[in-house]
Number of protein chains: 2
Amino acid sequence: MHGELMPGEHLTLRGLAEEYGLSMTPVREAVRRLSTEGALALTATGRITTPELDAARIEELAVLRSLIEPELAARALPRAHFALIDRMNAINSSIAEAAVKGDACRYIRHNLEFHRALYLRAQAPAMLAVIETVWLQLGPTMRRLYEEQSRQVPPRAHRVMLAALKAGDEPALRLAVKTDVTRGLRHLLGQEGAG
Amino acid sequence: MHGELMPGEHLTLRGLAEEYGLSMTPVREAVRRLSTEGALALTATGRITTPELDAARIEELAVLRSLIEPELAARALPRAHFALIDRMNAINSSIAEAAVKGDACRYIRHNLEFHRALYLRAQAPAMLAVIETVWLQLGPTMRRLYEEQSRQVPPRAHRVMLAALKAGDEPALRLAVKTDVTRGLRHLLGQEGAG
DNA sequence: ATGGCGCCATTGTGATCACAAGTGCCGCCG
DNA sequence: CGGCGGCACTTGTGATCACAATGGCGCCAT
């Protein structure tokens, strides 16, 4: 899952097959699928590795998030009732828990769950599918981002998102989502000024 | 390729294997891959069909295009030199040719080639990959859209795009791309007012 | 000692096979 | 004559096998 593999590792079909107690065939299909989604990469010779993303690629993916996620949030807004906000609050607490424990994997997972909980309400499966593949590609990077920042609290943009949701304020929500999604990228991307 | 299959058709692994002179294994992988990209759909029991898109899904995909493609165009703009514009003009002629011949398949293909030629200049492979999967999913719909409109000329938005490119006018380019991408959707989506 | 060459193990690809689940059809019974 | 049950065929899944290419390792020559 998200954040469990470090970039640059290299895997083998037979190894994965044994690890999961399967034959090569299903493993191959899974690997090919993941590689089309960008979660894995196949070298020209067919070796399987976790892709090493360069800064340009990361910036692109972040821009994709900043383009699509505010739209998803805006579409979810009219359908967001109290139960959803409660649930997002709960997830936010889980994020805080993972943060103080320094559990990168859970932190990342809960973070995405926070966003997904909202976007599920958008009734936009195609957009959700696209953004999930973007998340998948960002997985290793998010882990590194987390480790370099070693946060102790949930992102403050999350609280802003929740406030905008309660207020039914679409522009504020769009902005908060975009802020959250872009958070930390200046740090990770260095000086190159990410669009 | 794009626009060759009508929605609702159903395919078999063995049929495709024979058709392409391959074994089932590579065909299976290709089908699985295409299904994760949304170009094909697997029923719960595993049957392979070309997905029947409802209006909501089409609207989502169109919005994805309208979010991402202007960004790609804007990124390509500073790098668009005369050779590119010439090439796009040539492709536009091919579109016109296919239009008068009523060749839906070539029309669609050249249309996408027109966009791709521009976006390739954006140096944004991740975004390009995402938009290509969106195109793939829209394939069958684009064909139906073409057949219902039976155009005789290339979209006028294409000319506006070329003009904006020559002028180096980013806002105009973004708008032209968005217009082109949204073209015809009101017609296809009926009265529901596509965002 | 080190760099280049060649061999061997590793690894992905494609093919074929056995199996299980599903579908559609045909016949039987009401 | 129509509805229902069972059977055969179709079809996807998973496993195993043969092969080709690649990468790594050791050996030899300089």
Side-chain angles (χ1 to χ4, degrees), chain A residues 1-54 57 125-126 128-130 132-133 136-141 143, chain B residues 1-54 57 125-126 128-130 132-141 143:
Chain A
M1 254 322 274
H2 287 295
E4 285 168 8
L5 260 49
M6 288 300 281
E9 289 190 48
H10 107 275
L11 310 167
T12 68
L13 287 185
R14 287 173 173 84
L16 291 168
E18 186 160 1
E19 179 176 347
Y20 291 102
L22 291 175
S23 175
M24 285 173 56
T25 315
V27 173
R28 260 168 68 183
E29 284 181 10
V31 166
R32 296 284 277 244
R33 172 173 174 168
L34 288 172
S35 77
T36 75
E37 291 182 0
L40 293 176
L42 287 80
T43 71
T45 77
R47 304 289 286 271
I48 307 161
T49 66
T50 59
E52 195 88 58
L53 303 189
D54 56 8
R57 183 63 68 106
L128 189 59
V130 167
E132 298 241 18
T133 74
L136 215 49
Q137 293 180 61
L138 277 172
T141 299
R143 189 198 179 96
Chain B
M1 254 323 272
H2 287 294
E4 285 169 5
L5 260 47
M6 288 300 280
E9 287 189 50
H10 107 276
L11 310 166
T12 69
L13 287 185
R14 286 173 175 84
L16 291 168
E18 187 159 1
E19 179 176 348
Y20 291 103
L22 291 175
S23 174
M24 286 173 56
T25 315
V27 173
R28 259 168 70 183
E29 284 181 10
V31 166
R32 295 282 277 243
R33 171 173 175 167
L34 288 171
S35 77
T36 73
E37 290 182 1
L40 293 176
L42 285 76
T43 70
T45 77
R47 305 289 288 271
I48 308 161
T49 65
T50 60
E52 194 89 60
L53 303 189
D54 56 8
R57 181 65 67 109
L128 188 60
V130 167
E132 297 241 19
T133 73
V134 173
W135 289 347
L136 215 49
Q137 294 179 60
L138 277 172
T141 299
R143 189 198 179 100

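Below, chains carry the letters A, B, ... as their sequence lines are ordered, and counting in each starts from 1. Atoms considered below: every heavy atom in the structure, side chains included; atoms not considered: hydrogens, waters and symmetry mates.
- Here the CD atom belonging to Glu52(B) is positioned 7.0 Å from the OG1 atom belonging to Thr50(B), to the nearest 0.5 angstrom.
- Applying the side chain to side chain donor-acceptor pair (under 3.5 Å) rule to Arg57(B) yields no partners; only residues at least two apart in sequence or on another chain are considered.
- Listed here is the closest heavy atom pair of Gln137(A) and Leu53(A): O-CD1, 3.3 Å.
- End-to-end axis angle of the helix from dA1(C)-dT30(D) to dG30(C)-dC1(D), using five pairs per end and rounding to 10°, comes to 0°.
- Annotation: salt bridge (Lys or Arg N to Asp or Glu O under 4.0 Å) contacts involving residues 11-22 of chain B, sequence neighbours excluded, are absent.
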Revision key, fill the gap. Letter by letter from the 5' end, nucleotides 7-15 of chain D scores (B base, S sugar-phosphate only, - none; protein heavy atoms under 4.0 Å) ----BBBBB
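- Checked against side chain to side chain contact (heavy atoms under 4.5 Å, CB included), Thr12(A) has no partners two or more places apart in sequence or in another chain.
- Shown here for Pro26(A) and Ser23(A), the closest heavy-atom pair between the two residues is CD-O, 3.3 Å.
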Which donor-acceptor pairs under 3.5 Å do the side chains of residues 36-46 of chain B make with protein atoms, sequence neighbours left out?
{"from": "Thr36(B)", "atom 1": "OG1", "to": "Arg33(B)", "atom 2": "O", "distance (Å)": "2.8"}
{"from": "Glu37(B)", "atom 1": "OE2", "to": "Arg33(B)", "atom 2": "NE", "distance (Å)": "3.4"}
{"from": "Thr43(B)", "atom 1": "OG1", "to": "Thr45(B)", "atom 2": "N", "distance (Å)": "3.4"}
{"from": "Thr43(B)", "atom 1": "OG1", "to": "Thr45(B)", "atom 2": "OG1", "distance (Å)": "3.2"}
{"from": "Thr43(B)", "atom 1": "OG1", "to": "Gly46(B)", "atom 2": "N", "distance (Å)": "3.3"}
{"from": "Thr43(B)", "atom 1": "OG1", "to": "Arg47(B)", "atom 2": "N", "distance (Å)": "3.0"}

